[in-house]
*Asks:* 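One structure, as structure tokens, below. Some questions next.
Reckoned from all heavy atoms, side chains included, excluding hydrogens, waters and symmetry mates.
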Amino acid sequence: MIRRRTLLRAAPAALALPYVAPPALAQGMNLRMQHFLGTNSALHRVTTQMAEDVKQATGGRVQLQVLPGGAVVAPTELLDTVRGGVLDGQFAAPSWFAAKDPAFVILGDTGAMFRSVDLRDRWFAESEGVSFGRALYDRFGLHYVDQFYWPGEHIPSRRPLNGVEDLRGLKIRCPPGMIAEVFGRAGASVVNLPLPELFNALQSGVVDAADQANPGLNYAVGLYRHARYSIDARHSMPTCEVSFSKRRWDGLPAEAKEAIAAAVKRMSAAHKAAIEAEDKEALEKMRAEGITIIAWPDSEVDKLARLTAEVQDTYGARGPQAKAILDSLRAFQARVG
């Protein structure tokens, strides 16, 4: 899940930056936002372009200052930081805020529910995903603008994993949460390690595998040096979002809100194109280096989906919004297959 990708954050010293209230510009306002990766990431490139799009569309009246991961706070602290006014907006993942409400868990990662991220993302574009996001974030003082593309994830592994049965007894690094519980139900032994310790843990055999990121990012940070298999089990399909302080959002004119909403959709499409290109290049390099890619057949993904549904039920029972989001996802799943 995305919460552990703090490896690419900015230097910790940036956390001490003092807050300076955003000045009211002669033509409008300057809104400070933070995402969760480094300045060398595709995410930074596309969010920076989004800021330029908004500036151009509003004639400079609204300017977004986009900060990289860790520039002000850790990713898991973004929601409270935006709510408190230290930042005006965020590019974040709902699953980071799971401790606040179980609805963030259901919204934040649909696991093996859908055959692909593209199919799941239709729930946002064609059904109730955005409205549920707005209702949830509104309770915490934020306006949820829209989701943006994040890829499905792979499992770097020291040994081949061809299906659910191969998860039994597997020592897998995974942060606490829904996906960890799914692995636990499959018989895996879940280990919660900080990301910097993962490299040595894979090398020494302390863990056999890791619930990590997409192939491009896994390859870039060097996880396949000691994990010579990349497992595409469709086990984790996180969602990401763009949101603003509700107070700041409500103070924007309608045309500025429309410009931002349109820019988010363009940013999402650009991010998808960039990630797909990076993944394609990484997979080619991995194959050339002797790393084996194992894509699970639908029959095995279905087994994982049943375990995912069992875990989702436990979260859906913990709160009315979680249950409503889960019911909506399942109704959409039944409609699209």
Side-chain angles (χ1 to χ4, degrees), residues 1-9 12 15 36-38 69-70 73-80 92-112 150-159 161 164 166-215 217-218 220-227 229-240 304 307-308 310-315 318 322:
M1 298 169 69
I2 312 172
R3 76 187 93 185
R4 63 271 192 204
R5 292 186 197 127
T6 55
L7 184 69
L8 301 181
R9 290 187 309 186
L15 298 177
F36 50 89
L37 292 179
V73 293
T76 53
E77 299 169 358
L78 277 168
L79 188 147
D80 286 336
S95 58
W96 295 334
F97 317 127
K100 298 182 180 299
D101 193 293
F104 284 110
V105 177
I106 304 298
L107 185 67
D109 196 326
T110 52
W150 192 263
E153 304 190 334
H154 277 214
I155 303 170
S157 177
R158 287 165 50 94
R159 58 184 174 88
L161 305 172
V164 171
D166 288 339
L167 299 178
R168 189 170 303 279
L170 183 79
K171 295 176 294 184
I172 184 167
R173 180 265 183 185
C174 188
M178 187 186 80
I179 303 303
E181 293 178 38
V182 172
F183 282 126
R185 284 182 183 248
S189 176
V190 177
V191 181
N192 181 22
L193 286 174
L195 187 57
E197 297 179 20
L198 175 57
F199 301 92
N200 287 337
L202 282 169
Q203 181 179 18
S204 64
V206 170
V207 296
D208 304 308
D211 168 37
Q212 196 47 40
N214 55 297
L217 186 53
N218 289 341
V221 300
L223 283 183
Y224 294 110
R225 292 172 194 158
H226 307 294
Y229 298 87
S230 189
I231 314 302
D232 179 9
R234 288 173 277 177
H235 72 290
S236 178
M237 295 187 186
T239 70
C240 289
L304 202 60
L307 296 177
T308 301
E310 292 175 7
V311 175
Q312 286 175 322
D313 284 340
T314 69
Y315 283 96
R318 298 177 195 176

*Asks:* Does Phe104 have any ring pair (Phe, Tyr, Trp, His ring centres under 6.0 Å) partners at least two apart in sequence or in another chain, and if so, which?
*Replies:* Phe97, Tyr137, Phe140
*Asks:* If I compare all heavy atoms of Pro94 with all of Cys240, which pair ends up nearest, and what's the gap?
*Replies:* CD-CA, 4.3 Å
*Asks:* Within the distance-only criterion (no hydrogens, no angle test), does the side chain of Arg173 pair as donor or acceptor with the backbone N or O of Leu193 below 3.5 angstrom?
*Replies:* yes
*Asks:* Using 4.0 Å as the upper bound for N to carboxylate O, is an ion pair formed by Lys100 and Asp80?
*Replies:*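 Looking at Asp80 and Lys100, the cut-off is met.
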*Asks:* By side-chain contact (heavy atoms from CB on, under 4.5 Å), which residues pair with Asp232, not counting sequence neighbours?
*Replies:* His154, Arg234, Ala295
*Asks:* List in chain and number order the residues that pass side-chain contact (heavy atoms from CB on, under 4.5 Å) with Arg318, two or more places apart in sequence or in another chain; answer none if no residue qualifies.
*Replies:*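 Only Pro102, Thr314, Tyr315 meet the side-chain contact (heavy atoms from CB on, under 4.5 Å) criterion with Arg318.
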*Asks:* May I ask you to test the Ile106-Gln312 pair for a side-chain heavy-atom distance under 4.5 Å?
*Replies:* yes
*Asks:* Is the shortest heavy-atom distance from the side chain of Leu202 to the side chain of Val207 under 4.5 Å?
*Replies:* yes
*Asks:* Give a yes-or-no answer on whether the side chains of Arg225 and Gln203 include a donor-acceptor pair shorter than 3.5 Å.
*Replies:* no
*Asks:* What's the shortest heavy-atom distance between Leu170 and Asp208, and which atoms?
*Replies:* CD1-CB, 3.5 Å
*Asks:* Below 30° counts as parallel, above 60° as perpendicular, anything between as tilted: where do the rings of His235 and Phe183 land?
*Replies:* tilted
*Asks:* Between Met178 and Thr308, does a side chain to side chain contact (heavy atoms under 4.5 Å, CB included) hold up when you go through it step by step?
*Replies:* CA-CA 8 Å; Met178 187 186 80; Thr308 301; 4.3 Å; yes
*Asks:* Do Ser236 and Ile155 have side-chain heavy atoms sitting under 4.5 Å apart?
*Replies:*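 Ser236 does not reach Ile155 side chain to side chain.
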